[in-house]
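Worksheet for the structure shown next.
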Amino acid sequence: MIIKASDGREFPVEMHKTRMVQKITLVPAEERLKAIEEAGYNTFQLKTKDIFLDMLTDSGVNAMSDNQFAGFIKADDAYAGSMTFYEFADAVKDVLGYKHVMNTHQGRAAEHLIAKIFTTPGDIVPTNYHFTTTKAHIEILEAVCLEIYYDEAIITESTNLFKGNMDPQKLRDTIKKYGREKIAFVRMEATTNLIGGQPFSMQNLKEIRRICDEHKLLLVLDGSLLCENAYFIWKREKGYGNKTVQEIAKEMCSIADLFYMSGRKNTSVRGGFIATNNKELFEKIKPLLPVYEGFVTYGGMSMREIGAMVPGVREMVEPAVAGCSIEQIKYFVERLLETKIPVVTPPGGLACHIDAMKFVPHIPQSQYPAGALTTALYIVSGVRAMERGTISMDRDKDGNEQFADIELTRIAVPRRVYTVSHLEYIIDKVNWLYKHRELIKGLKFVSEPAVLRFFFGSLNVLDNWGRKLCDAFKKEFGNI
Ligand code: F0G
């Protein structure tokens with residue numbers, strides 16, 4: 001909830017209290033330098049013992065509610081026909097309006113099945129913006145993930161409230177250019193992750209639906225961040241202020257033919273699911289489920305996780321849950337704007353994103369500015385963020401670098417995990433880093449896998465800048 005203080009300031013207040021805690025430690029700067037060296041300057045390779053605040057992602061690291069823990073314990077363990085699955089299916093029907101649902105072990109497993117069934121080599125999948133795993137699945141099948149966004153989507157500092165919109169004219173042009181038969185499906189991603197957690201509007205979703213109808217194309221909604229997008233529509237779109245987040249989420253779902261989500265985000269449970277009202281589509285996917293995931297009443301998840309997902313689905317549309325990280329991110333972004341830190345605006349869902357090309361403009365894209373900034377932030381703070389720039393893109397078939405549209409350091413805000421004082425700590429360290437930004441230099445790859453290289457790739461710093469940054473930090477604060 002946002003509180004307006006008597007002096008006019010606004011700040012987020014958590015609508016939950018902490019009833020179980022996990023100890024965290026801040027290892028000294030020297031140890032952090034050693035840890036990041038050993039991790040090949042890749043924050044995915046760090047161990048949590050060396051991390052103070054883990055802002056890598058909001059996926060699989062959110063705090064579950066007491067009801068979810070109860071669901072976890074009460075779950076009905078059965079290979080087939082578990083009543084917990086039917087409770088889950090009822091929750092999906094009530095909240096999202098879908099009659100048919102199947103679990104998958106996580107979001108990318110849903111993407112795998114959807115890509116496998118609906119895509120053939122040479123196909124095009126138009127999307128408002130790609131996500132890394134979606135694109136990988138589509139490209140493995142030798143199809144093309146084609147981004148059709150408004151130019152504004154990749155302008156980091158903007159006042160456009162719906163940068164996640166798909167450009168309808170470009171979609172029409174694409175259909176005309178490639179022919180309807182070449183389009184596997186049209187994909188809309190809620191709270192579009194890689195452009196800084198930016199939503200699309202309901203109006204845009206409806207327009208895309210109309211085009212899909214005209215051409216009899218399948219519309220797939222990636223709802224991994226569905227509720228944040230619904231919350232943004234509630235707050236930002238004309239005509240939706242009087243509706244509930246739940247009604248908006250359901251309306252969004254009613255527009256898509258096929259829906260999938262990573263439960264690791266909105267439901268705070270490690271799993272995912274595919275849902276639809278189209279029985280024919282459901283029956284097409286179902287036979288592959290036991291091959292890759294598991295029987296249809298568990299789909300690769302444990303019954304216990306499904307038990308926790310039942311309240312998770314019902315609670316995710318509550319404004320205090322759907323909006324909890326959004327309001328923290330808004331505060332985070334606005335505080336950084338006070339000191340002119342280049343961050344993605346308007347504030348999005350999922351994370352506070354720093355525009356690395358503006359923060360460290362002296363680092364060329366070929367030396368991975370967002371990766372370098374992410375490394376530097378860890379050295380000075382113990383905060384683990386994630387590179388979302390060129391390192392997160394793979395090379396093309398000929399080995400050429402594919403430069404990202406934007407270079408972001410993503411400081412994710414998991415749901416109900418961190419407090420405003422944790423954010424203040426990060427804000428302070430980002431400000432210090434900005435004053436010393438000339439100490440940050442580029443990175444180069446030492447070893448580099450061909451697919452999703454950002455997970456396992458190993459890099460090195462140019463000119464030993466990690467040591468110099470660490471020494472400058474220690475000179476001011478000591479080895480803390
Ligand atoms: N779609 C979107 C929009 C996502 O953000 C993610 C995951 C997935 C699909 C895949 O889901 O992880 O359950 O397999 N995003 C995570 C992140 C990994 O850190 O942003 P998954």
Side-chain angles (χ1 to χ4, degrees), residues 42-44 46 54-62 102-115 125 127-138 140 145 147 149 153 163-164 166 185 187-200 220-230 232 252 256 258-275 292-293 299-302 305-306 309 312 316 325 329 344 348-353 370 374 384-389 391-392 404 408-415 417 451-452 454-456:
N42 177 350
T43 53
F44 276 96
L46 287 168
D54 194 0
M55 320 300 270
L56 183 77
T57 178
D58 66 335
S59 169
V61 289
N62 301 301
M102 62 180 93
N103 288 102
T104 56
H105 77 269
Q106 60 186 79
R108 68 200 68 185
E111 288 173 336
H112 171 222
L113 298 178
I114 292 170
V125 179
T127 177
N128 53 343
Y129 209 79
H130 80 276
F131 183 69
T132 52
T133 53
T134 327
K135 189 169 163 158
H137 280 299
I138 290 168
I140 284 169
C145 188
E147 288 154 336
Y149 48 79
K163 288 200 279 182
M166 182 181 276
F185 53 88
R187 172 180 179 273
M188 286 292 278
E189 182 183 308
T191 319
T192 323
N193 189 329
L194 295 191
I195 56 166
Q198 300 293 315
F200 54 70
V220 176
L221 174 60
D222 178 337
S224 303
L225 292 159
L226 176 81
C227 298
E228 278 79 6
N229 204 120
F232 281 125
M252 289 167 74
L258 199 56
F259 172 92
Y260 72 91
M261 81 187 288
S262 164
R264 298 167 62 87
K265 290 177 179 261
N266 273 190
T267 71
S268 301
V269 173
R270 293 89 186 146
F273 61 91
I274 301 174
Y292 292 105
E293 297 296 305
M301 286 179 65
S302 79
E305 299 273 4
I306 298 178
M309 209 180 230
M316 69 184 184
S325 66
I329 291 159
V344 170
L350 154 89
C352 168
H353 297 81
T374 305
R384 170 161 74 167
M386 187 193 287
E387 191 269 2
R388 294 274 82 156
I391 295 177
S392 296
L408 302 177
T409 286
R410 179 181 95 171
I411 310 173
V413 180
R415 294 164 192 78
V417 175
V451 179
L452 298 178
F454 63 91
F455 282 133
F456 306 121

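Read the numbers this way: they start at 1 and go in the same order the structure lists the ligands and their atoms.
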Looking only at protein heavy atoms, which one is nearest to atom 6 (C) of ligand 1, and what is the separation? Phe131 CE2, 3.3 Å
So, is Thr57 polar-close to ligand 1, with some N/O to N/O distance under 3.5 Å? yes
Shortest heavy-atom approach to atom 14 (O) of ligand 1 - which of His105, Lys265, Arg388, Arg108: Arg108
Any N/O pair Arg410/ligand 1 closer than 3.5 Å: yes
Tyr260, any N or O under 3.5 Å of ligand 1 N or O: no
Does the side chain of Phe200 come within less than 4.5 Å of Met166's, by heavy atoms? no
Contacting atoms of ligand 1, where contact means under 4.0 angstrom from a heavy atom of Arg264: 13 (O)
Nearest neighbour in protein (non-hydrogen) for atom 13 (O) of ligand 1: Ser262 OG, 2.6 Å
Does some side-chain heavy atom of Asn193 sit less than 4.5 Å from a side-chain heavy atom of Leu350? yes
For ligand 1, is there an N or O atom under 3.5 Å from any N or O atom of Gly107? yes
Output yes when the distance from some N or O of ligand 1 to some N or O of Asp58 is under 3.5 Å, and no in every other case. no
Check: Tyr260/Arg108 side-chain N/O donor and acceptor closer than 3.5 Å: no
Quick one: does any side-chain atom of Asn42 pair with a main-chain N or O of Phe454 as donor and acceptor, under 3.5 Å? yes
Taking atom types as modelled, is there a side-chain donor on Glu111 or His137 under 3.5 Å from an acceptor on the other? no
Kindly assign one of parallel, tilted or perpendicular to the pair Tyr149 and Tyr129, based on the angle between their ring planes and the thresholds 30° and 60°. tilted
Please check whether Asn193 reaches ligand 1 - meaning an N/O of the residue sits under 3.5 Å from an N/O of the ligand, judged on distance alone. yes
Any donor-acceptor pair under 3.5 Å linking the side chain of Ser302 with the backbone of Glu305? yes
Any idea which atoms of ligand 1 are less than 4.0 Å away from a heavy-atom of Glu189? 3 (C)
Out of all atoms in ligand 1, which are within 4.0 Å of some heavy atom of Thr133? Include the element for each. 10 (C)
So is Asp222 polar-close to ligand 1, meaning N/O to N/O under 3.5 Å? yes
Students often mix this up, so state it plainly: with edges at 30° and 60°, are the rings of Phe259 and Phe273 parallel, tilted or perpendicular? tilted
Quick one: does Met386's side chain get under 4.5 Å of Thr57's, heavy atoms only? yes
Taking only non-hydrogen atoms of Glu111, do any sit less than 4.0 angstrom from ligand 1? yes
